[in-house]
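Numbering starts at 1 and runs along the sequence shown.
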Amino acid sequence: MAQTIDNQLYEQFGDGWWQPDGPVRLLHEMNPARFDFFQSAVGGPEKIVGLRVLDVGCGGGLVAEKFAQLGAIVTGVDISASSLAVAQRHAQQQGLDITYLPASGDCLPFPSESFDLVVCCDFLEHISDRLDDFLTEMSRVLRPGGLFLYDTINRTAASRLIAIWILQDWLQIVPRQTHLWRMFIQPVELEAALQRVGITPKSSAGMLPAAGPLRVAYTTLRYHQVGGFRLSRRQKPLGYVGYGYKPISD
């Protein structure tokens, strides 16, 4: 039987989206490093104020809230009704005004050039068989001069070993059937796809565990936590973040 991704998993997470030791604990550990990269891409936190931001595949709102906290006008879309309900409730509890809507990334209910930033985290590795369709639609709603920010997982021997065999299949820190290794996307593949849909790749960085290998092994086995992440401009064996821009036509 062919292996498949079970995207219905996200309907079961509930308030676990916001539990640091819950089913998306690794996303909580990644969030500081990847958001630092996003802030730098935009030009610093002060540049985020007032920007129209679309978070595609927003899940429980982990990234959307970071932008809203800095004064962006944020919209999040996802196909998971349960995740959207959690995201909306948590945003209200935090006093954040975020619009959450049910929508698929390949059919966005917005006019063309509606957003200054389009953000896509923990999502592209789930739709790589239709990558161009989704990227075309995200490019459509991005204004000329706007930025496309993303993170995803590289397809390497290391990601097969660590992300699939250890974290997902053995320790189940990541729930089973969350990912398929063949759907991970190498940076050169993603950059080529972005260029095909009119987005110019600009920069990317790997996300690596912040601690050394022995410490990571200990904390992962004992506490089911990696211990935080750091950025590397040269190494991208596992996850990576990046951005591109939509050129302004003459």
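- Applying the salt bridge (charged side-chain N to carboxylate O under 4.0 Å, His left out) test to Arg25 and every residue at least two apart in sequence or in another chain returns nothing.
- Leu180 and Leu190 fall into different hydrophobic clusters, defined by Ile, Leu, Val, Met, Phe, Trp and Tyr side-chain heavy atoms under 4.5 Å apart, directly or through other members.
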Report all side-chain donor-acceptor pairs from residues 202-216 shorter than 3.5 Å, counting only partners two or more places apart or in another chain.
from   : atom 1 : to     : atom 2 : distance (Å)
Ser203 : OG     : Arg233 : NH1    : 2.8
Ser204 : OG     : Lys236 : NZ     : 2.5

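- Arg130 meets the salt bridge (charged side-chain N to carboxylate O under 4.0 Å, His left out) test with Asp106, Asp133; sequence neighbours excluded.
- Residues satisfying the side-chain hydrogen bond (donor to acceptor under 3.5 Å, both in side chains) criterion with Glu11, sequence neighbours excluded, are Ser80.
- Residue Phe123 is not grouped with residue Leu62 when hydrophobic side chains (ILVMFWY) are merged at heavy-atom distances under 4.5 angstrom, including chains of intermediate members.
- By the neighbour-count criterion of 12 heavy atoms within 6.0 Å, atom CD1 of Ile79 is sparsely surrounded, having that number or fewer from other residues, nucleotides or ligands.
- At a threshold of 4.5 Å between side-chain heavy atoms, the hydrophobic network of Ile, Leu, Val, Met, Phe, Trp and Tyr places Val24 and Ile98 in one connected group.
- A pairwise comparison of heavy atoms in Ser104 and Phe134 identifies OG-CE2, 3.8 Å as the closest pair.
- Taking all atoms of both residues into account, the shortest heavy-atom contact from Thr200 to Pro247 is OG1-CG, 3.4 Å.
- Counting only residues at least two apart or on different chains, no ring-ring contact (aromatic ring centres under 6.0 Å, His included) pair has a member in residues 46-66.
- When side chains are defined from C-beta on, Thr75 does not count as touching Asp55, because their heavy atoms never get closer than 4.5 Å.
- Salt-bridge formation is detected for the pair Arg155/Glu189: a Lys NZ or Arg NE/NH1/NH2 atom is positioned less than 4.0 Å from an Asp or Glu carboxylate oxygen.
- In this structure, the side chains of Val53 and Val119 come closer than 4.5 Å at one or more pairs of heavy atoms.
- With sequence neighbours excluded, no residue forms a salt bridge (charged side-chain N to carboxylate O under 4.0 Å, His left out) with Glu113.
- No more than 12 heavy atoms of other residues, nucleotides or ligands sit less than 6.0 Å from atom CG of Asp97.
- Listed by first then second residue, pairs satisfying ring-ring contact (aromatic ring centres under 6.0 Å, His included) with a partner in residues 155-176 number zero, not counting sequence neighbours.
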Atom pairs and distances, side-chain donor-acceptor, residues 43-51, under 3.5 Å, sequence neighbours left out:
none

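- Take Trp181 and apply the side-chain hydrogen bond (donor to acceptor under 3.5 Å, both in side chains) test, not counting sequence neighbours, and it matches Ser159.
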Could you give the side-chain donor-acceptor pairs of residues 63-71 under 3.5 Å, partners two or more places apart or in another chain?
from  : atom 1 : to    : atom 2 : distance (Å)
Glu65 : OE1    : His90 : ND1    : 3.3
Glu65 : OE2    : His90 : ND1    : 2.7
Glu65 : OE2    : Ala91 : N      : 3.3

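- Phe184 and Tyr240 are assigned to two separate hydrophobic clusters, defined by single-linkage of ILVMFWY side chains at heavy-atom distances under 4.5 Å.
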Between side-chain atoms of residues 139-151 and protein atoms elsewhere (two or more places apart, or another chain), which donor-acceptor pairs fall under 3.5 Å?
from   : atom 1 : to     : atom 2 : distance (Å)
Ser139 : OG     : Val197 : O      : 2.9
Arg140 : NE     : Glu137 : OE1    : 2.9
Arg140 : NE     : Glu137 : OE2    : 3.4
Arg140 : NH1    : Phe110 : O      : 2.9
Arg140 : NH1    : Ser112 : OG     : 3.3
Arg140 : NH2    : Leu108 : O      : 3.1
Arg140 : NH2    : Phe110 : O      : 2.9
Arg140 : NH2    : Glu137 : OE2    : 2.9
Arg143 : NE     : Asp116 : OD1    : 2.5
Asp151 : OD1    : Asp122 : N      : 2.9
Asp151 : OD2    : Arg34  : NH1    : 2.6

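- Taking the salt bridge (charged side-chain N to carboxylate O under 4.0 Å, His left out) definition, one finds that Asp15 meets it with Arg89, sequence neighbours left out.
- Put simply, Leu26 and Phe38 are part of the same group of oily side chains (I, L, V, M, F, W, Y) that touch within less than 4.5 Å, one to the next.
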